[in-house]
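Worksheet: the structure to be examined is printed underneath.
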Amino acid sequence: MTTNEKIAALRAAAKAAGANGVLIMTSDPHCSEYLPGYYNALPWFSGFIGENSTLVVTLSGSALWCDGRFYVQADKQLAGSEIECMHAGSAGVPTVAEYLENHFGAGDTLLLDGSCVPATIAKEYIDALAKKGASLKSQDVASPIWDATGERPALPDTPCELLTVEQTGATAAQRIAMVRDELKKAGATALAVTGLDCVGWLTNMRARDLPCTPLAVAYALVTMDSCTLFIAPGRLNDADAKTLADNGVSLRDYPELIDTVHALPAEEVFLVDEKATNYDLYCALNEHKTVTGADPIFALKGVKNPVEPV
């Protein structure tokens, strides 16, 4: 498929869903800086392989925003396609939110995959669309198109391993206790851990799912009486799974986080960082009581114990 054919397929999918446009951005469910290929849809649809970009496809046009590092590259890679290249930050160039406000009207709907957009950004777009009586809906119409071609990379599943306490200076149980102490200080009782580095710190788990980073694609959920690691089955050997169990960590499949959140008691109080939480998960968390604040693991992992390298 050519780039224009892919854009046309997105446009047709939006129209079939009763919507007026689709937005795809460089992000994944973990708000990662570097994405597994499985989640990096924007280069496949647009032909632009730079970072930190956003593609909007309406029923009559399309535009891609890139930052100053990629102006020349984007102009070259988008040449010959219908996509208008937006040099973000340049004089006279509208922001994505301004573009949405100008191109959507009363009753119109913009689709995006809410699992791959940070909550803060989704809320910005909701506000922009609302000014014109338009709305945003979380619906992934891009994945079926990409999947059907057989060109989408698989979700990473490199072997996982647990570091020993001799290597880390703390067991998973000790790290979980530290997180619970921080939750109490924040007036919360639960935390959905989405950052891959934070999941790795909490569980002492390492893998090679991303180039140059020893991380695994996984989530964790910490409450005052349980901790669950959400990861594809078979990625941990029996000995490591038992070690986690001995440290109070149970295992569930990677896609089951939101269903697990829904099943928790209504009185659970989640500590929520909108910048580090995807929109779909944010909506699920907000069906419970919430308090706003950063994931405490960001600070905890910066304080090294005597065993950890500085």
Side-chain angles (χ1 to χ4, degrees), residues 28-32 34-39 115 153-183 189-265 268 270-271 276-278 281 284-285 295-298 300-301 304-305 307-309:
D28 70 356
H30 308 274
C31 303
S32 304
Y34 303 107
L35 312 185
Y38 178 83
Y39 288 118
S115 74
L155 194 65
D157 63 350
T158 61
C160 298
E161 63 177 350
L162 299 186
L163 299 181
T164 65
V165 69
E166 289 76 21
Q167 294 170 302
T168 64
T171 65
Q174 289 169 327
R175 297 198 191 280
I176 293 164
M178 294 166 66
V179 171
R180 287 178 177 143
D181 287 343
E182 295 302 314
L183 290 177
T189 64
L191 176 70
V193 185
T194 60
L196 302 186
D197 54 336
C198 294
V199 175
W201 179 90
L202 182 71
T203 60
N204 289 328
M205 181 175 66
R206 301 293 187 268
R208 290 291 184 272
D209 285 1
L210 295 172
C212 305
T213 52
L215 304 175
V217 174
Y219 299 102
L221 178 62
V222 179
T223 69
M224 289 302 166
D225 57 9
S226 68
C227 180
T228 307
L229 174 65
F230 297 84
I231 190 166
R235 297 199 57 190
L236 286 158
N237 62 42
D238 291 344
D240 283 346
K242 183 180 185 303
T243 297
L244 286 175
D246 291 342
N247 279 266
V249 181
S250 60
L251 302 179
R252 295 194 65 169
D253 199 357
Y254 174 66
E256 295 180 12
L257 173 60
I258 287 182
D259 287 344
T260 304
V261 169
H262 284 314
L264 289 173
E268 205 77 70
F270 277 94
L271 180 61
T277 305
N278 70 62
L281 178 57
L285 296 177
D295 182 337
I297 295 175
F298 287 117
L300 290 172
K301 66 187 178 70
K304 304 302 183 182
N305 64 46
V307 174
E308 293 174 304

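Heavy-atom basis, side chains included; hydrogens, waters and symmetry copies ignored. Since this is a predicted model, take the numbers as computed values, not measurements.
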| field | Minimum heavy-atom distance between Thr228 and Val249, given as atom pair plus value | value |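 Heavy-atom minimum between the residues: C-CG1, 4.5 Å.
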| said: Ignoring hydrogens, what is the shortest heavy-atom contact between Ile231 and Ala216? Give both atom names and the distance. | reply: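 The answer is CD1-CB, 4.4 Å.
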Kindly write out the residues that satisfy side-chain contact (heavy atoms from CB on, under 4.5 Å) with [X], not counting sequence neighbours, or none if the list is empty.
X      : result
Pro211 : none
Pro214 : Arg206, Arg208
Thr243 : Leu162, Asn247

Taking the side chain as everything from C-beta on, heavy atoms only, tell me whether [X] gets closer than 4.5 Å to [Y].
X      : Y      : answer
Leu257 : Pro29  : no
Pro36  : Leu210 : yes
Leu229 : Leu236 : yes
Pro296 : Leu191 : yes

| task | Answer yes or no: are there more than 12 heavy-atom neighbours, outside Phe298 itself, under 6.0 Å from its atom CZ? | result |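 Counting other residues, nucleotides and ligands, CZ of Phe298 exceeds 12 neighbours.
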| said: Is it true that, when you exclude Asn305 itself, more than 12 heavy atoms of the residues, nucleotides or ligands shown sit nearer than 6.0 Å to its CG? | reply: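 Yes.
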| query | How would you list, by chain and number, every residue that makes a salt bridge (Lys or Arg N to Asp or Glu O under 4.0 Å) with Asp246, sequence neighbours excluded? | reply |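 Asp246 satisfies salt bridge (Lys or Arg N to Asp or Glu O under 4.0 Å) with Lys242 once adjacent residues are dropped.
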| task | Output all residues satisfying salt bridge (Lys or Arg N to Asp or Glu O under 4.0 Å) with Arg252, sequence neighbours left out; order by chain, then residue number. | result |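 Salt bridge (Lys or Arg N to Asp or Glu O under 4.0 Å) list for Arg252, sorted by chain: Glu256.
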Residues that [X] engages under side chain to side chain donor-acceptor pair (under 3.5 Å), provided they are two or more places apart:
X      : answer
Thr213 : none
Asp209 : Thr158, Arg235
Glu182 : Lys185

| message | I'd like to know if the side chain of Ser32 and the backbone of Leu35 have a donor-acceptor N/O pair within less than 3.5 Å. | response |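 Absent.
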| task | Can you tell me which residue pairs pass the salt bridge (charged side-chain N to carboxylate O under 4.0 Å, His left out) test with a partner in residues 156-180, sequence neighbours excluded? | result |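 Passing the test, one end in residues 156-180: Arg175-Glu308.
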With a cut-off of 3.5 Å and sequence neighbours excluded, list every side-chain donor-acceptor pair involving residues 193-200.
unit_1	atom_1	unit_2	atom_2	d
Thr194	OG1	Ala276	O	2.7
Asp197	OD2	Lys301	NZ	3.1

| query | Going by the ring-ring contact (aromatic ring centres under 6.0 Å, His included) test, which pairs reach into residues 193-212, not counting sequence neighbours? | reply |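 Matches after skipping sequence neighbours: none remain.
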| Among pairs that include at least one residue of residues 206-243, which meet ring-ring contact (aromatic ring centres under 6.0 Å, His included), considering only residues two or more places apart or in two chains? |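 Passing the test, one end in residues 206-243: His30-Tyr219, Tyr219-Tyr254.
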